[in-house]
There are 2 protein chains.
Amino acid sequence: MGLTRIDKYTQEQVDLAQLLKVLGHPARIAIVQSIIRTDSCVCGDLVTEIGLAQSTISQHLKELKHVGIIQGTIEGSSVCYCINKETWGRLESTVNELFKSVAANPDCC
Amino acid sequence: MGLTRIDKYTQEQVDLAQLLKVLGHPARIAIVQSIIRTDSCVCGDLVTEIGLAQSTISQHLKELKHVGIIQGTIEGSSVCYCINKETWGRLESTVNELFKSVAANPDCC
DNA sequence: AAAGTTAATCGTAATATTGCGATATAGCAA
DNA sequence: TTGCTATATCGCAATATTACGATTAACTTT
């Protein structure tokens with residue numbers, strides 16, 4: 001069917017999966033890393049830096065923005081994209097909880 | 001084209017994205033959580049617990065196994081799936097590095 | 001051997017994702 | 001106004017993903 005069934009899962013599972021899914025693309029990882037590294041909200045630079053078409057980068061930015069991983073502010077004729085720390089904080093604590101339970105899990109096979 | 005171009009990215013970006021992508025599905029999150037929680041390598045139980053078809057669960061297990069998130073050992077007529085801690089350790093440190101750089105990133109817009 | 005259990009694989013239909021060029025939109029500059 | 005730049009959106013083609021039923025494979029029990 002190609003349609004992920006969400007009626008079987010908790011809201012937490014759906015939310016976490018959504019964030020991880022959006023981050024689960026190398027272009028979007030590269031975009032996030034670039035936004036962090038350049039430390040300024042350059043945006044069009046991503047096109048030349050990553051080497052995908054402008055429309056493709058714009059689409060990835062849209063997805064990152066849609067789930068709240070980044071946020072954009074219009075700044076003259078360009079757009080300033082930066083990290084949404086609230087979402088990252090939420091993701092960090094959820095993921096760390098998972099890591100903790102993995103670490104505490106005894107080997108069994 | 002539907003084909004993710006990997007020639008534009010570093011190996012680290014591709015590897016991280018691959019792990020996050022596989023975890024980016026609620027059924028696979030539920031599977032991982034269940035494997036951790038039950039603390040034993042039950043497997044067929046996932047079908048009744050999650051409520052997807054047996055073939056669907058098997059397919060998700062295959063993907064988790066393929067990227068090394070879990071590992072399976074044949075145990076009689078059933079299979080014992082459990083966490084692959086080496087992969088989780090790698091993922092944890094990579095992700096934590098990312099979280100650290102996000103936290104250190106100054107707000108700019 | 002025959003039947004039952006468990007899990008993997010195959011085939012398939014429906015939907016989603018990726019990437020691009022072309023076009024639209026909006027602010028800025030001359 | 002007329003261009004120029006920056007970004008978003010549209011439409012499309014290629015490919016990937018998701019889910020399922022049916023089948024297969026392998027072990028267990030009778």
Side-chain angles (χ1 to χ4, degrees), chain A residues 1-9 13-14 17-31 34-35 40-67 70-82 109, chain B residues 1-9 13-14 17-31 34-35 40-67 70-82 109:
Chain A
M1 306 232 181
L3 180 57
T4 298
R5 310 185 56 162
I6 61 168
D7 55 306
K8 312 263 186 183
Y9 316 105
Q13 289 170 333
V14 172
Q18 190 184 37
L19 286 174
L20 295 180
K21 182 180 187 176
V22 169
L23 286 175
H25 190 290
R28 293 192 285 263
I29 291 288
I31 287 173
S34 177
I35 289 180
S40 71
C41 302
V42 283
C43 164
D45 297 350
L46 292 166
V47 176
T48 50
E49 187 167 334
I50 297 179
L52 294 175
Q54 181 266 322
S55 57
T56 306
I57 295 287
S58 187
Q59 201 179 328
H60 284 305
L61 286 168
K62 187 181 177 182
E63 284 177 80
L64 286 166
K65 192 173 153 192
H66 178 247
V67 297
I70 61 174
Q71 61 196 107
T73 324
I74 296 170
E75 201 132 293
S77 67
S78 60
V79 178
C80 164
Y81 277 109
C82 57
C109 51
Chain B
M1 305 237 183
L3 180 58
T4 299
R5 310 187 54 164
I6 62 168
D7 55 306
K8 313 263 185 184
Y9 315 105
Q13 289 170 333
V14 172
Q18 190 184 35
L19 286 174
L20 295 180
K21 182 181 187 175
V22 170
L23 286 176
H25 190 290
R28 293 191 287 263
I29 290 288
I31 287 172
S34 177
I35 289 179
S40 69
C41 302
V42 282
C43 164
D45 297 350
L46 292 165
V47 176
T48 49
E49 187 168 334
I50 298 180
L52 294 174
Q54 181 267 320
S55 57
T56 307
I57 296 288
S58 187
Q59 202 178 329
H60 283 305
L61 286 168
K62 187 182 178 182
E63 284 177 81
L64 287 166
K65 193 173 152 191
H66 178 248
V67 297
I70 62 175
Q71 60 196 107
T73 323
I74 296 171
E75 201 133 293
S77 68
S78 61
V79 177
C80 164
Y81 278 109
C82 57
C109 49

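In the text below, chain A, chain B and the rest are named by the order of the sequence lines, each starting its count at 1. The structure presented is a predicted model; accordingly, all values stated were derived computationally and were not measured.
Using cut-offs of 30° and 60° for the angle between ring planes, the H60(B) and H25(B) rings count as tilted.
We find that CD1 of I31(B) is positioned 11 Å from P of dT18(D), with the value rounded to whole Å. Note: CG (L20(B)) to C1' (dT17(C)) measures 17 Å, nearest angstrom. Atom C1' of nucleotide dT7(D) and atom CG of L46(A) are separated by 12 Å, given to the nearest angstrom. For I50(B) and dT18(D), the CD1 to C1' distance is 14 Å, given to the nearest whole Å. For L61(B) and dT18(D), the CG to C1' distance is 15 Å, given to the nearest whole Å. Here dG21(D) presents its C1' atom at 14 Å from CG of L52(B), a figure rounded to the nearest Å. Put simply, NZ on K21(B) is 10 Å from C1' on dT15(D), counting in whole angstrom units. Here dT18(D) presents its P atom at 13 Å from CD1 of I57(B), a figure rounded to the nearest Å.
Both S55(A) and R28(A) sit near DNA chain C, but only R28(A) has its closest nucleotide nearer the 5' end. Both K62(A) and S78(A) lie near DNA chain D, and the one whose nearest nucleotide falls closer to the 5' end is S78(A).
Residue-to-nucleotide contacts include no donor-acceptor pair under 3.5 Å from the side chain of Q59(A) to the base of dA8(D). Side-chain atoms of Q54(A) come within donor-acceptor range of the base of dA8(D), with a qualifying N/O pair under 3.5 Å.
Taking only side-chain nitrogens and oxygens, S77(A) never comes nearer than 4.0 Å to OP1 or OP2 of dT5(D). Contact check, Y81(B) against dA8(C): a side-chain N or O comes under 4.0 Å of OP1 or OP2. Within the 4.0 Å cut-off from OP1 or OP2 of dG19(C), at least one side-chain nitrogen or oxygen of H60(A) is found. For dG19(C), the OP1/OP2 oxygens have no side-chain nitrogen or oxygen of T56(A) closer than 4.0 Å. Applying the 4.0 Å criterion to OP1 and OP2 of dA16(D), one finds that H25(A) has every side-chain N and O outside that range.
Residues V79(B) and L61(B) have side chains not in contact (no heavy-atom distance under 4.5 Å, counting atoms from C-beta outward).
Applying side-chain contact (heavy atoms from CB on, under 4.5 Å) to R28(A) and the options L64(A), I57(A), I70(A) leaves one that passes, L64(A). The only option from L19(A), V22(A), I29(A) that meets the side-chain contact (heavy atoms from CB on, under 4.5 Å) definition with L20(B) turns out to be I29(A).
Residue V47(B) comes nearest to A53(B) through the heavy atom pair CG1-C, 4.4 Å, listed as atom of the first residue, atom of the second, then distance.
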